[in-house]
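Protein chains get the first letters and strands the later ones, always in sequence-line order, with residue 1 at the start of each.
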Amino acid sequence: MNHVFAVRIGPVGFRVGSDWRAPIDTLADLYRDYPAPEDGIPDFSVRLFARRPWRRVLRPQVMIGGDYTIPDAAPLPLSLGLLAAEMGMNLQMALAQRRYLLLHASCIERDGRAILMTGESGAGKSTLAALMMARGWRLMGDEFALVEPETGLIYSFPRLVSLKNQSVGVVGEALRGARFGPWQRDTPKGDIRHLVPDGASIAAMAEPARAAAILFPAYGHAPDRREVAPGECFVRLTQASTNYVALGERGFDTLTRLVRDVPATAIDYPDAATACAMVEEFAA
Amino acid sequence: MSGVLLARTMRNPAQIATLDAAGWTALIGAARAEQMLGNLAHRLEGLAMPAAAARILADARASAGQGRIAALWEAEMARRALAPLGVPVVLLKGTAFVAAGLSAGAGRSIGDLDILVPHAVLDVVEHALLAAGWEWVKPDPYDDAYYRRWMHELPPLIHRSRDRMIDVHHTILPRTARPTPDAALLIADAMPLGNGLSVLSREDMLVHAAAHLFADGDLAGGLRNLWDIHCLLDEWDAPGFREHVSTRARHHGLGEAIARAMRLSDALYGAGAKLTAADRWFVRRVTGRDGWGVQRRKASEQAFYLRGHLLRMPPPMLARHLWTKWRKGYRPIG
């Protein structure tokens with residue numbers, strides 16, 4: 001590939017190769033405070049390439065490839081190159097990560113206590129995680145929480161935080177001076193902007209934490225909280241995991257231990273300030 | 001080409017001592033692209049290497065271990081569905097390797113379940129599988145009719161709750177191919193595993209691997225198939241064994257395929273072999289991956305795609321077939 005960028009996010013090394021310079025320059029800038037892959041050997045490779053040679057220049061379209069791919073993925077315009085790279089990295093994790101049980105959840109940490117927040121797209125996982133970071137929590141990740149089967153510890157995966165539509169403004173207000181990537185307009189999920197996690201979250205990204213609470217936030221309701229029994233929590237987390245089935249018995253044991261040891265709560269919230277105050281109650 | 005690096009490393013694991021970070025990255029990328037990361041991980045187990053590489057390979061071993069469990073379970077599910085019929089059921093390819101405890105199964109990735117049953121019982125087998133929760137994958141009537149009329153297997157079925165495919169074979173080459181293997185003998189000489197299932201005899205297992213590689217298809221996955229063949233030859237190595245295999249292959253009309261399989265697996269993974277000019281084209285084809293795991297020798301890939309189809313069917317039929325598929329929007333490579 002003509003242009004290459006390599007980075008370590010939490011315990012996972014990536015290299016991204018591209019036919020174009022622009023996405024690589026953007027990645028290198030946004031991830032400039034992150035380390036390189038351990039021993040220079042990435043866990044996964046992502047490729048951004050043109051399906052036909054003329055698509056490099058003529059209405060350039062980015063195909064997302066890599067070690068693991070899904071068939072018939074639609075290309076993106078080059079202006080969404082950053083989004084393509086992020087999707088490619090997420091795809092490798094979702095399809096092929098086998099060292100950790102992967103939960104589709106955002107995660108924050110303070111005093112060694114990690115709080116997992118999971119739910120459907122639109123529940124506010126990423127926004128809440130970013131807002132809690134603004135309140136001094138460590139951001140462990142906005143997309144995947146990594147549970148180590150041997151220990152049950154949560155490992156951090158603090159990639160760029162993908163914020164959508166109005167939440168970009170809300171988080172921008174709360175985090176003055178934060179660094180953002182270029183607007184990624186008119187994506188299938190609306191307008192997206194990527195937020196760089198703060199220095200403390202990046203610096204501590206190799207440190208695992210013990211899970212203290214599992215939250216199922218839901219936006220657009222009067223404030224309410226309800227305990228989620230381990231059985232329900234288990235079923236919801238199997239649905240939130242991309243590799244639960246592939247891990248077989250290890251996945252079952254890991255998830256069983258997690259839902260037995262960690263209390264789970266569904267929280268309904270009408271606005272961001274209320275949500276943050278509710279999450280804060282799980283701090284101790 | 002990192003396909004060459006992968007073959008060289010499988011032949012001589014000690015040479016990893018010379019790899020730098022870029023070399024490891026290319027090796028792992030090629031192994032993933034060829035679906036051989038599990039094989040590589042087993043081959044390199046216990047050797048000194050950078051921590052990052054050791055971790056990736058340990059994950060691959062764990063993953064292959066889980067894949068083995070899932071493959072054996074799938075075979076057991078098929079056994080239960082078919083046991084009441086009292087017909088012979090022969091496991092093929094990867095599932096056969098792990099069920100029989102062969103070295104070719106160590107770390108091997110296993111996708112579909114492949115079984116062989118007598119042609120006469122295809123209908124009852126199909127109905128028993130449908131009754132046990134398997135469903136059709138190919139809704140296209142042309143594809144369905146094509147499979148039933150010309151192929152060596154039923155159209156693929158997928159299990160609705162386990163999401164795993166089964167390929168039910170009645171012989172080991174398409175009916176349109178020129179050689180006609182002796183399917184009755186394949187089944188008659190199969191080795192029972194003691195649980196109602198069996199695997200092909202040693203000789204036939206090799207003949208099938210060679211048939212799959214050279215007499216059918218475009219050699220995609222060739223490096224892994226040749227590794228299978230290398231492991232099988234190595235496992236049963238004894239005076240006269242190769243001659244038995246060759247005699248058997250000739251009986252099935254696959255003498256040339258097995259001879260080429262032996263030459264290429266010896267050249268890539270064994271003590272070496274004298275290659276013909278044509279053999280070298282095959283080597284180029286199977287080792288054409290770059291450091292990103294991408295197939296670089298496009299012309300060779302296209303040529304072997306066409307060759308694979310020419311072996312499968314006579315030219316007028318091929319022209320008709322490709323035209324039909326093209327109209328339906330199918331594009332082979334690119």
Side-chain angles (χ1 to χ4, degrees), chain A residues 1-4 6 8 11-19 35-53 55 63 65-69 71-72 88 92-93 95-102 146 148-150 243-254, chain B residues 2 16 19-38 41 48-74 109 111 161-164 289-296 298 329-331 333-334:
Chain A
M1 311 277 335
N2 291 337
H3 308 280
V4 182
R8 190 189 330 164
V12 187
F14 293 95
R15 78 174 159 157
V16 182
S18 170
D19 282 347
E38 188 187 1
D39 300 325
I41 304 171
D43 291 79
F44 299 113
S45 297
V46 172
R47 291 186 303 117
L48 307 179
F49 64 100
R51 185 167 12 203
R52 305 270 178 235
R55 280 287 180 218
M63 297 292 296
D67 292 327
Y68 302 92
T69 53
D72 309 324
Q92 305 309 307
M93 291 292 281
L95 294 177
Q97 176 56 252
R98 297 288 181 268
R99 195 177 316 142
Y100 305 95
L101 177 71
L102 224 64
L146 317 180
E148 188 176 58
E150 292 76 19
N243 64 357
Y244 169 73
V245 173
L247 288 179
E249 196 175 353
R250 280 201 310 154
F252 177 80
D253 289 344
T254 306
Chain B
S2 54
I16 58 170
L19 291 180
D20 58 7
W24 274 105
T25 305
L27 175 64
I28 289 165
R32 279 207 176 108
E34 295 292 340
Q35 296 195 45
M36 286 180 71
L37 192 62
M49 64 183 77
R55 225 175 38 213
I56 291 168
L57 297 181
D59 290 347
R61 278 189 295 273
S63 198
Q66 180 57 33
R68 175 181 171 277
I69 291 170
L72 292 176
W73 179 246
E74 203 55 29
S109 84
S161 56
R162 290 191 308 279
D163 206 27
R164 301 272 297 198
R289 304 245 178 219
D290 70 7
W292 291 79
V294 177
Q295 194 61 251
R296 277 298 158 209
K298 283 287 175 199
Y330 180 74
R331 302 290 180 272
I333 294 163

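- Taking all atoms of both residues into account, the shortest heavy-atom contact from B:W24 to A:I41 is CB-CD1, 3.6 Å.
- Contact record, A:R250 with B:A62: NH2-CB, 4.3 Å, taken as the closest heavy-atom pair.
- The contact between A:A246 and chain B is made entirely by backbone atoms, counting heavy-atom distances below 4.5 Å.
- When all heavy atoms of B:W292 and A:V16 are compared, the pair lying nearest together is CH2-C, 3.9 Å.
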Problem - Residues A:D43, B:R55; criterion side-chain contact (heavy atoms from CB on, under 4.5 Å); working and verdict - result: CA-CA 9 Å; A:D43 291 79; B:R55 225 175 38 213; 3.7 Å; yes
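- The CZ atom of A:F44 lies 10.5 Å from the CD1 atom of B:I28; values are rounded to the nearest 0.5 Å.
- Residue-environment remark: CD (A:E150) exceeds the threshold of 12 foreign heavy atoms within 6.0 Å.
- With a 4.5 angstrom heavy-atom cutoff, A:F49 does not touch chain B via any of its atoms.
- Side-chain atoms of A:M1 and B:V294, non-hydrogen and from C-beta on, never get closer than 4.5 Å to each other.
- Neither the backbone nor the side chain of A:P149 has a heavy atom closer than 4.5 Å to any heavy atom of chain B.
- In this structure, A:D39 contributes its side chain and B:A52 its backbone to a donor-acceptor pair below 3.5 Å.
- For the pair A:L247 and B:Q66, the minimum side-chain heavy-atom distance is 4.5 Å or more.
- Smallest separation of non-hydrogen atoms from B:A21 and A:G40: CB-O, 3.7 Å.
- For B:G291 against A:R15, the heavy-atom pair with the smallest separation is O-NH2, 2.9 Å.
- Neither the backbone nor the side chain of A:V12 comes within less than 4.5 Å of any heavy atom of chain B.
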Handout entry: Stepwise salt bridge (Lys or Arg N to Asp or Glu O under 4.0 Å) test for A:R98 and B:D59
Key = CA-CA 6 Å; A:R98 297 288 181 268; B:D59 290 347; over 6 Å; no
